[in-house]
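First the structure, in the form of structure tokens, and then the observations on it.
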Amino acid sequence: MSRMPLRTKVFTTLLDRFGRESILGMDLAAIRRSRASVAPTVPPFTWVTGPVSRAVAIEDATFPARDGHPVPLRIYRPAGAGPSAPVLLWFHGGGWVLGSPRMYDPLCSHLAEGVGAVVVSVDYRKAPEHRAPQAVHDCVDATRWVASAGAQLGADPSRLAVSGDSAGGNLAAVVCQVVCDEGGPPIAHQALVYPATDATMSQPSVTEHAHAPVLTREKMTVFRAHYLGEDGLAPDHPLVSPLWGQDLSGLPPALVQTADVDPLRDEGARYAEALRAAGVRARLTNYPGAPHGFASFPGATTVGRAAREELVAELRRHLAPTQAPVEDRVTDRD
């Protein structure tokens, strides 16, 4: 196990003690208040989260899901992006319970500017009001809508990638499986940031980092209970745990980024291994000293910049078909 740098340890200690209310003590009213809460996008907060890029225009929209529900979207358009710009779908984290696209303005605007893509962040329906697989349905529907909405988006959805962190990484992985099984639309790449891939909670890192900062085993249990309910899908159902998908062949190439001080570390690594075993090109990068959630507070880590650079580079590479792919490998980044 790697040790967290002092700045990361201090920040996560303050975050756990004085930051957002823990899911462990939240009722539905508190959950909804948390979803509506957004960190200020001015210094000193942006020293931790990164700034919202001024070179990116942000707008809100909706699209109709399969049941007619208007699912909110937050769209990030880099300056100078024309109709040939690729599209990146982003699914936010938060244990399928918390989070919102606005919380990800710093990261999504960074990706839009760095990749040169129109980023579409999906405000999928969340638990406990909406149990699994509602979030999956909304994200699959968003993918299909984006693939058919090139003129409306002013971009080229034939160059489409999906990405997300934590529960959002879970949804991105599941979307790729569902879309592949059902015949499209084609997805060029999946970038999974410390993804939740195994809701059985049986991987060794769940025990090793049971009391880690930011995300603990107890919090994972509560998030899972909200998402699945008492009589819902089983934890090993492929719509909940993409690691348990029956056939991973034919899926898009993947980048899997894991945090070393994270209960989810091993299930991310296992998913990358399973993809490779199925013949899918997958790059796995583990970030030593990083806790769960570090993509949202890169300034409080020593690896945040490197992780963002890798994420942007991989997405650019796979969304620009004239560039030759690099060798996929397992990496520890300092």
Side-chain angles (χ1 to χ4, degrees), residues 84-91 107 111-112 114-120 136 139-140 142-144 146-147 155-166 168-198 238 241-258 264-265 267-287 295 306-333:
S84 63
V87 181
L88 171 64
L89 271 161
W90 177 266
F91 308 122
L107 179 54
L111 292 175
V115 179
V118 174
V119 175
V120 180
V136 172
C139 293
V140 169
T143 304
R144 291 176 176 149
V146 164
D156 179 9
S158 69
R159 299 164 61 205
L160 173 65
V162 297
S163 187
D165 67 317
S166 193
N170 165 280
L171 293 169
V174 174
V175 162
C176 287
Q177 292 189 19
V178 172
V179 167
C180 181
D181 288 345
E182 297 181 356
I187 296 174
H189 189 254
Q190 52 180 321
L192 314 178
V193 181
Y194 36 82
T197 69
D198 182 8
S241 296
L243 181 61
W244 297 97
Q246 293 184 351
D247 182 6
L248 305 185
S249 63
L251 292 178
L255 166 68
V256 181
Q257 294 181 323
T258 58
L264 300 185
R265 181 197 63 206
E267 59 196 77
R270 280 281 307 279
Y271 193 60
E273 293 167 2
L275 289 172
R276 282 197 286 262
V280 177
R281 291 174 45 224
R283 175 186 176 101
L284 170 65
T285 308
N286 183 60
Y287 284 87
R308 285 192 170 191
E309 288 176 351
E310 180 187 41
L311 186 57
V312 166
E314 285 293 292
L315 287 166
R316 284 181 64 93
R317 184 174 296 116
H318 288 276
L319 291 173
T322 58
Q323 297 187 29
V326 297
E327 179 184 356
D328 301 308
R329 61 185 184 275
V330 179
T331 309
D332 276 301
R333 294 293 293 268

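Along the sequence shown, the residues carry numbers beginning at 1. Source: prediction; values computed, not measured.
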Inset, instruction - Kindly determine whether Val136 and Leu171 satisfy side-chain contact (heavy atoms from CB on, under 4.5 Å), including the steps that lead there. - result: CA-CA 6 Å; Val136 172; Leu171 293 169; 3.8 Å; yes
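- Residues Thr143 and Leu160 meet the side-chain proximity criterion, which asks for heavy atoms closer than 4.5 Å.
- The neighbour count for Gln246 CD, taken as heavy atoms of other residues, nucleotides or ligands under 6.0 Å away, does not exceed 12.
- Closest approach of Val175 and Cys139 over heavy atoms only: CG2-CB, 3.6 Å.
- To the nearest 0.5 Å, atoms NE2 (His318) and CZ (Arg281) are separated by 5.0 Å.
- The shortest non-hydrogen separation linking Ala191 to Leu315 is CB-CD2, 4.1 Å.
- Annotation: the span from Arg317 atom CZ to Leu255 atom CG amounts to 9.5 Å, rounded to 0.5 Å.
- Salt-bridge annotation for Arg276 and Glu273: absent, with no side-chain N of the basic residue lying under 4.0 Å from a carboxylate O of the acidic one.
- Residue Leu243 holds its CG atom at 5.0 Å from CG of Asp198, rounded to the nearest 0.5 Å.
- Leu264 CG to Asp165 CG: the interatomic distance, rounded to the nearest 0.5 Å, is 10.5 Å.
- Taking both residues in full, the closest heavy atoms of Pro252 and Val280 are given as O-CG1, 3.3 Å, listed atom of the first, atom of the second, then distance.
- Within a 6.0 Å radius of CZ in Arg144, other residues, nucleotides and ligands contribute more than 12 heavy atoms.
- Asn170 is listed as a side-chain neighbour of Pro242, based on a closest heavy-atom distance under 4.5 Å.
- Using a 4.5 Å heavy-atom threshold, the side chains of Gln177 and Leu251 count as touching.
- The distance from the OG1 atom of Thr197 to the CG atom of Leu275 is 9.5 Å, given to the nearest 0.5 Å.
- When all heavy atoms of Asn286 and Arg265 are compared, the pair lying nearest together is OD1-CG, 3.7 Å.
- Glu314 contributes atom CD, which lies 11.0 Å from atom OG of Ser163 (distance to the nearest 0.5 angstrom).
- For the pair Val256 and Gly268, the tightest heavy-atom approach, listed with the atom from each and the gap, is CG1-O, 3.5 Å.
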Legend entry - Verdict with supporting geometry, Leu111 and Val312, side-chain contact (heavy atoms from CB on, under 4.5 Å): CA-CA 6 Å; Leu111 292 175; Val312 166; 4.0 Å; yes
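- Listed here is the closest heavy atom pair of Tyr287 and Ala307: OH-CA, 3.2 Å.
- No donor-acceptor distance shorter than 3.5 angstrom exists from the side chain of Arg159 to the backbone of Ala188, with no hydrogens or angles considered.
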